[in-house]
Amino acid sequence: MPGKSMNANASSGVGAGGAAPLQAAWEAIRAGLRRDCGARTFDGWLRPIALGAHDPESGTLRLELPSQFMADWVQTHFAERLALAWRAALPDVRQIVIGVGAAAPKTAAVVEIPAPREEPQEAKPGLYAVALEPRYRFENFVIGKANEVAFNAARTLAVAENVVFNPLFIHGGTGRGKTHLLHAIGHEFHRLRPRAKIIYMSAEKFMVEFVAALRANDTIQFKQQLRAADLLMIDDVQFIAGKESTQEEFFHTMNEIISAGRRLVISSDRAPQDLDGIEPRILSRLSWGLVADINQADLELRLNIILKKLEALPDVSVPQDVVMFLAKRISSNVRELEGALNRIAAYATMQNRVIDLDFVTEVLASTLRANQRRISIDEIQTRVSEHYRIRKAEMTSARRAREVARPRQVAMYLSKQLTPRSLPEIGRRFGGRDHTTVIHAVRQIEKLRSQDPELDSDIRLLTRQLEG
Ligand code: ADP
Ligand code: MG
């Protein structure tokens, strides 16, 4: 029942100047809110509000809450009502800012106080919990084989009139664009339905808030808030799975949200069935919707992502061979790729250097090393035996004939060069040979390489193939 408090408070208007009138006005406003909203809401969300600084010049008053989550909630549900109440109570307050107590003042949101109305409206619905990253939009998301299913699902969920599937479960390894897609859904949903209520939250944050609500005996309120969202998105749900105390409550809440026909999007670094210790009942509920994975980006997608990111860096000129080099060598995930590009751009500007292969290899030395493909001894044995057209079994056999002994030595040599395995371990993998045999092979091949151009080119070729 919004509205009543405004009139009630109007009579308590106090003159300007000093903190005492502020405090008096605040007491009156609080009394009105308590009457109108009920003890539960008041105790949970409004009582914790503390009066912050008042700047008489701009007429701005800060209202502070203990956490960002609470500040966002109050912002969404009570900003307008609080603003009106203040305006009615104390004309000196022309604008209120709702934020977190001194710890995080810069994240506060500003509310313009509207001119008093006869009938104040309900608090305006809107984005909630965390502001969406402006860069993370569908337009900035590069589509490829690895992510097109997830992309299309995300788009459909954001755009479709009616709920087509629920929930949408997006999973994939780190840095592949899950968070980007969730934010993009939020932006698009908001663009199409400006009044819809959208909640985006990391699962970690959800957990913290949920535990706080449990302690305060206020989970009903908390769940009601979630259920009231038209679109609820929970990122990185793997943080909750396995934490038994919150997990069950969490998935029950999810269940209720799905039943209420609200759109739910969940992201996770693994598939639903790989989440730790989730009840089969809940698992099947999650799988009712659409499960879409994001795979590792292939070369083409990596190339397109680099080109797209370079569009945003018009001052940075990156030659074609460097673009190709990066796409080939930084294959672990998109975040790394992005980081590498930013680093190159920053260093090139700072040191006033031309971006070429030498420069890039230097700047990205550690990233490139970390992205090197892990080569296994087994792969080396396969490649080498193919190359010399011998059976792979000869790699571990006891035969000493030259036509198998030499390739075996080459394979041992490559194992030493291309894997982090120790000499004894390599020996074991070659039919249980002693580590001195491996040392001998390595020395032998090193010597022969310098004398025999054919062997040298064999080894170069094999190395290139193995490094992919
Ligand atoms: P995740 O949440 O899966 O760990 P993010 O969504 O945080 O990954 O993505 C990491 C970075 O890579 C972000 O800056 C994001 O914009 C970018 N990114 C990932 N995939 C793509 C893509 N397909 N197109 C453009 N940028 C992408
Ligand atoms: Mg993420």
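As the structure lists them, so they are numbered: ligands from 1, and atoms in each ligand from 1. Since the structure is predicted, the reported quantities are computational estimates derived from the model, not experimental observations.
A pairwise comparison of heavy atoms in Val360 and Leu368 identifies O-CD1, 4.4 Å as the closest pair. The two residues Val237 and Ala203 come nearest to each other via the heavy atoms CA-CB, 3.7 Å.
Between Thr174 and Arg335, the side chains place a donor N or O and an acceptor N or O closer than 3.5 Å (distance only, hydrogens not considered). Checked by atom type, the side-chain pair Asp358/Thr361 shows no donor-acceptor distance below 3.5 Å. Side chains of Arg343 and Thr367: a donor-acceptor N/O pair is present below 3.5 angstrom, by distance only.
Heavy atoms of His183 stay at 4.0 angstrom or farther from ligand 1. Using a 4.0 angstrom heavy-atom cutoff, Gly175 counts as in contact with ligand 1.
Within ligand 1, the atoms closer than 4.0 Å to a non-hydrogen atom of Asn147 are 23 (N), numbered from 1 in the order shown. Atoms of ligand 1 lying under 4.0 Å from at least one heavy atom of Thr174, given by number and element, are 4 (O).
When heavy-atom distances to ligand 1 are checked against a 4.0 Å cut-off, Lys308 has no atom that comes that close, whether in backbone or side chain. Proximity of Leu181 to ligand 1, defined as any heavy-atom pair under 4.0 Å, is not found for any part of the residue.
Ligand 1 has no N or O atom lying under 3.5 Å from any N or O atom of Arg135, backbone or side chain. Considering backbone and side-chain N/O of Val142, one or more are found under 3.5 Å from N/O of ligand 1. Close N/O approach between Gly177 and ligand 1 is found [any backbone or side-chain N/O within under 3.5 Å]. Ligand 1 has no N or O atom lying under 3.5 Å from any N or O atom of Ile305, backbone or side chain.
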Task: side-chain contact (heavy atoms from CB on, under 4.5 Å) assessment of Arg227 paired with Arg262 - done: CA-CA 7 Å; Arg227 275 200 304 258; Arg262 311 297 192 164; 5.7 Å; no
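The NZ atom of Lys178 sits 6.5 Å away from the CG atom of Asp269 when rounded to the nearest 0.5 Å. For the atom pair CD (Glu188) and NE2 (His183), the distance works out to 15.0 Å, reported to the nearest 0.5 Å. To the nearest 0.5 angstrom, Leu168 atom CG is 9.0 Å from Thr156 atom OG1.
When only non-hydrogen protein atoms are considered, atom 12 (O) of ligand 1 lies nearest to Val334 CG1, 3.4 Å. Protein heavy atom at the shortest distance from atom 6 (O) of ligand 1 is His180 N, 2.8 Å. The protein heavy-atom contact nearest to atom 14 (O) of ligand 1 is Glu338 OE1, 2.5 Å. Taking atom 26 (N) of ligand 1 as the reference point, the nearest protein heavy-atom neighbour is Lys309 NZ, 3.0 Å. Scanning the protein heavy atoms around atom 25 (C) of ligand 1, the nearest turns out to be Asn140 O, 3.3 Å. Atom 7 (O) of ligand 1 has its closest protein heavy atom at Arg335 NH2, 3.0 Å.
For the pair Arg193 and Phe189, the cation sits on the ring face: its NZ or CZ lies under 6.0 Å from the ring centre, inside 45° of the axis.
Taking the six-membered ring for Trp and the full ring otherwise, Tyr200 and Tyr136 have centroids separated by 6.0 Å or more.
Between the Mg ion (ligand 2) and Thr174 there is no N/O/S contact shorter than 2.8 Å.
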